[in-house]
Amino acid sequence: MSAALGSSSAGPLEGVLVVDLSRALAGPHATMMLGDLGARVVKIEAPGHGDDTRGWGPPFVGDEGERESTYFLSANRNKESVCLNLRDDADREVLLALVRRADVLVENFRTGVMERLGLGADVLGELNPRLVQLSITGFGHDGPEGGRPGYDQIAQGEGGLMSLTGSAPDDPQRFGTPICDLLAGMYGAYGVLAALRQRESTGRGQVVRTSLLAAAVGVHAFQGTRWTVAGEVGRAAGNHHASISPYGLFRCADGAVQIAVGSEGLWQRFCAGFDLDPEEPGMATNAQRVASRDRVIELVERAFANRSAGDLLERLRELGIPAGRVRTLDEVYAWEQTLSQGLVIDVTHETLGPLTLPGPPLRFFEPSGREHTRTAHRPPPVLDQHGESVRRWVGDVAR
């Protein structure tokens, strides 16, 4: 494992080899994060069809016969693709050769599948005692429902997130992206990094486990302790915060703006700027305003009624009140602030040519301020694009 600083073509995980047996989204998101950090990620795919997400669409892009799913493109940058039939002896030997040399292996099969393939954690650990294994399941590896298959929306519902999302308690809504998959991938990558760090002192790898359910519960935050400590069950409350007021989406003359009045000082400033009485009954403290949320919304929207969103945002900026608009995705990707943060990258795909993709969410700087964030990225691979080169590399290493 290399601890060298990253560069335009490397990263802090340069020298780390990741064998990626995962598919769909949670595992691939984890391995993409590791790839973004400079690890070499070898994605193992089933011959013929590859990762399930290669067929998830529309939209698809590219010519007939070379079409690619934009879903697959979203989760597989900075990887190499190799097709292996894990029930074929020759292909299996290629996989085992990779495992012997790997630092990390990631899989998100249902509980028991790896064991049936003869690739249980104990077997992999004997092959490579330094191997860090990440395993992601739907609801956990054990427990009364440990074997359940996991799909994101099912986990959003079972994990309580949908009960907190929507216009009202009787209107549960799914999150607009597969948030449990993505969070499980993020938690998984976080666990891998911790295990790699511990390996530096122990010399041994370990098994890291997480699940879509764990990811959902892991982000309950104040809604979790609201129940476990205070005995209150949080419910969907639309676009307004359950514990802070005013904090949410408020209508104005030509649309709506969002504000976050998160302290009493901001409340005083907000009222002064919009001719409201901060000491009106039920308004003096945040707790009182939360209890009187409908009245607060009425007062704020009355103050905003004759102002445009643009005018309001400028006035809120002058007052130092956190505020913003609700952007569509095309607006987000055209926004100069998004571009300035490296959140959009350009790659050249094997069959599609130049592509623009969402970029990694991390940047790296030396204490002096000089940035050394990776800027050169691999495009998502076509199926088995690197099959020949990886097989050749495995053979060369073996010799």
Exercise. If two hydrophobic side chains count as joined below 4.5 Å and joins carry through other members, does Ile244 share a cluster with Ile259?
Worked result: no
Exercise. Among pairs that include at least one residue of residues 209-244, which meet ring pair (Phe, Tyr, Trp, His ring centres under 6.0 Å), considering only residues two or more places apart or in two chains?
Worked result: Phe222-His241, His240-Phe250, His241-Tyr247
Problem set entry | Joint cluster assignment, Val296 & Leu249, ILVMFWY side-chain distance < 4.5 Å | no
For this session: State the OG1-CZ distance between Thr373 and Phe365, to the nearest 0.5 angstrom.
Result: 5.0 Å
Problem set entry | Smallest separation among heavy atoms of Leu266 and Pro322, with atom names | CD1-CD, 4.0 Å
Exercise. Under 3.5 Å, is there a donor-acceptor pair between the side chain of Ser69 and the main chain of Thr53?
Worked result: yes
Exercise. Does any pair with a residue in residues 282-294 pass side-chain hydrogen bond (donor to acceptor under 3.5 Å, both in side chains), and if so which ones, sequence neighbours excluded?
Worked result: Glu264-Arg289
Problem set entry | Non-hydrogen side-chain atoms of Val208 and Thr210 separated by less than 4.5 Å | no
Exercise. How about Tyr151: does its OH atom have over 12 heavy atoms from other parts shown lying under 6.0 Å from it?
Worked result: no
Problem set entry | Any side-chain heavy-atom pair of Leu193 and Arg197 under 4.5 Å | no
Problem set entry | Side-chain hydrophobic cluster, 4.5 Å single linkage: members besides Leu161 | Met33, Phe175, Ile179, Leu183, Met186, Tyr187, Tyr190, Val219
Exercise. Any sub-3.5 Å donor-acceptor pair from Ser340's side-chain atoms to Gln337's backbone N or O?
Worked result: yes
Exercise. Should the pair Glu93-Arg100 be classified as a salt bridge under the 4.0 Å nitrogen-to-oxygen rule?
Worked result: yes
Exercise. Does the Glu280 side chain pair with the main chain of Asp277, one donor and one acceptor, at a distance under 3.5 Å?
Worked result: no
For this session: Not counting sequence neighbours, which residues clear side chain to side chain donor-acceptor pair (under 3.5 Å) with Asp52? List them please.
Result: none
For this session: Answer whether the closest heavy-atom distance between the side chains of Ile345 and Leu355 falls below 4.5 Å.
Result: no
Problem set entry | Check: Asp181 main-chain N/O paired with Asp152 side-chain donor or acceptor under 3.5 Å | yes
Exercise. Gln223 versus Glu232: any side-chain heavy-atom pair under 4.5 Å?
Worked result: no
Exercise. Is the count of non-hydrogen atoms from other residues, nucleotides or ligands lying under 6.0 Å from Arg327 atom CZ greater than 12?
Worked result: yes
Exercise. So is Arg23 actually on top of Trp56's ring, under 6.0 Å and inside 45° of the axis?
Worked result: no
Exercise. Is a donor on one side and an acceptor on the other found under 3.5 Å between the side chain of Glu66 and the backbone of Thr351?
Worked result: no
Problem set entry | Check: Arg307 main-chain N/O paired with Asp311 side-chain donor or acceptor under 3.5 Å | no
Exercise. Given the rule in the side-chain contact (heavy atoms from CB on, under 4.5 Å) test, do Leu119 and Leu95 qualify, once you have shown the distances and angles that lead to the verdict?
Worked result: CA-CA 10 Å; Leu119 297 170; Leu95 173 63; 3.8 Å; yes
Exercise. Between Pro381 and His386, is any pair of side-chain heavy atoms under 4.5 Å apart?
Worked result: yes
Seminar exercise, completed: Interatomic distance, CD@Glu107 vs CG@Leu124, rounded to 0.5 Å, equals 8.5 Å
Exercise. Salt bridge (Lys or Arg N to Asp or Glu O under 4.0 Å) with Glu279: which residues, sequence neighbours excluded?
Worked result: none
For this session: For the residue pair Gln385 and Glu80, confirm or rule out a side-chain donor-acceptor distance under 3.5 Å.
Result: no
Problem set entry | Rounded distance (nearest 0.5 Å) linking atom CD of Glu158 with atom CZ of Phe139 | 5.0 Å
For this session: Could you check Thr356 against Asp346 for side chain to side chain donor-acceptor pair (under 3.5 Å), going step by step and ending with a plain yes or no?
Result: CA-CA 5 Å; Thr356 298; Asp346 295 315; 2.9 Å; yes
Exercise. Are the charged groups of Glu14 and Arg40 less than 4.0 angstrom apart, N to O?
Worked result: no
For this session: Verify the cluster assignment for Met114 and Leu127: are they in a single hydrophobic cluster under the rule of side-chain heavy atoms below 4.5 Å apart?
Result: yes
Exercise. Taking side chain as C-beta onward, heavy atoms only, is Ile297 less than 4.5 Å from Glu301?
Worked result: yes
Exercise. Distance only, no hydrogens: is a donor on one side chain within 3.5 Å (strictly under) of an acceptor on the other, for Arg325 and Gln258?
Worked result: no
Distance-only donor-acceptor hits, side chain of residues 81-89, under 3.5 Å, sequence neighbours excluded:
unit_1, atom_1, unit_2, atom_2, d
Ser81, OG, Glu45, OE2, 2.7
Ser81, OG, Asp384, N, 2.9
Asn85, OD1, Arg87, N, 3.0
Asp88, OD2, Ala90, N, 3.1
Asp88, OD2, Asp91, N, 2.9

Problem set entry | Lys/Arg N to Asp/Glu carboxylate O, Arg391 vs Glu388, below 4.0 Å | no
Problem set entry | CD on Gln206 to CZ on Arg199, rounded to 0.5 Å | 10.5 Å
For this session: Please determine, by modelled atom types, if Arg374 and Asn78 share a side-chain donor-acceptor pair under 3.5 angstrom.
Result: yes
Problem set entry | Backbone of Val332 reached by a side-chain donor or acceptor of Thr338 within 3.5 Å | yes
Exercise. Taking all non-hydrogen atoms of both residues, which atom of Val394 and which atom of Leu98 are closest, and how far apart?
Worked result: CG2-CD2, 3.8 Å
Exercise. Side-chain donor-acceptor pair under 3.5 Å between Arg174 and Gln156, yes or no?
Worked result: no
Exercise. Do the side chain of Asn239 and the main chain of Gly248 share a donor and acceptor less than 3.5 angstrom apart?
Worked result: no
For this session: Could you grab the distance from atom CG of Leu357 to atom NE2 of His349, nearest 0.5 Å is fine?
Result: 9.0 Å
Exercise. Between Pro28 and Ser22, is any pair of side-chain heavy atoms under 4.5 Å apart?
Worked result: yes
For this session: Check the hydrophobic clustering (I, L, V, M, F, W, Y; side-chain heavy atoms under 4.5 Å; chains of links allowed) and say if Ile136 and Val104 are grouped together.
Result: yes
Problem set entry | Distance-only donor-acceptor check, side chains Thr31 and Asp20, under 3.5 Å | yes
Exercise. Is the side chain of Arg204 donor-acceptor paired with the backbone N or O of Leu131 at a distance under 3.5 Å, no angle test?
Worked result: no
For this session: Return the orientation label for the Phe270 and Trp267 ring planes: parallel under 30°, perpendicular over 60°, tilted otherwise.
Result: parallel
Exercise. Does Arg130 pair with Asp103 as a salt bridge, N-O distance under 4.0 Å?
Worked result: no
Exercise. Same cluster or not: are Leu13 and Val41 linked, directly or through other Ile, Leu, Val, Met, Phe, Trp or Tyr residues, by side-chain heavy atoms under 4.5 angstrom apart?
Worked result: yes
Problem set entry | Exam field: side chain Arg101 to backbone Ala97, donor-acceptor pair closer than 3.5 Å | yes
Exercise. Is Glu318 atom CD crowded by more than 12 heavy atoms from other residues, nucleotides or ligands, each under 6.0 Å away?
Worked result: yes
Problem set entry | Side-chain heavy-atom pair Leu134, Leu105 within 4.5 angstrom cut-off | no
Exercise. Would you find more than 12 non-hydrogen atoms of other residues, nucleotides or ligands less than 6.0 Å from Asp63 atom CG?
Worked result: no
Problem set entry | Residues, nucleotides or ligands: over 12 heavy atoms within 6.0 Å of Asp122 CG | yes
Exercise. Got more than 12 heavy atoms from elsewhere within 6.0 Å of CZ, Arg302?
Worked result: yes
Exercise. Going from CG on Leu383 to CD on Glu68, what distance comes out if it is rounded to the nearest 0.5 angstrom?
Worked result: 8.5 Å
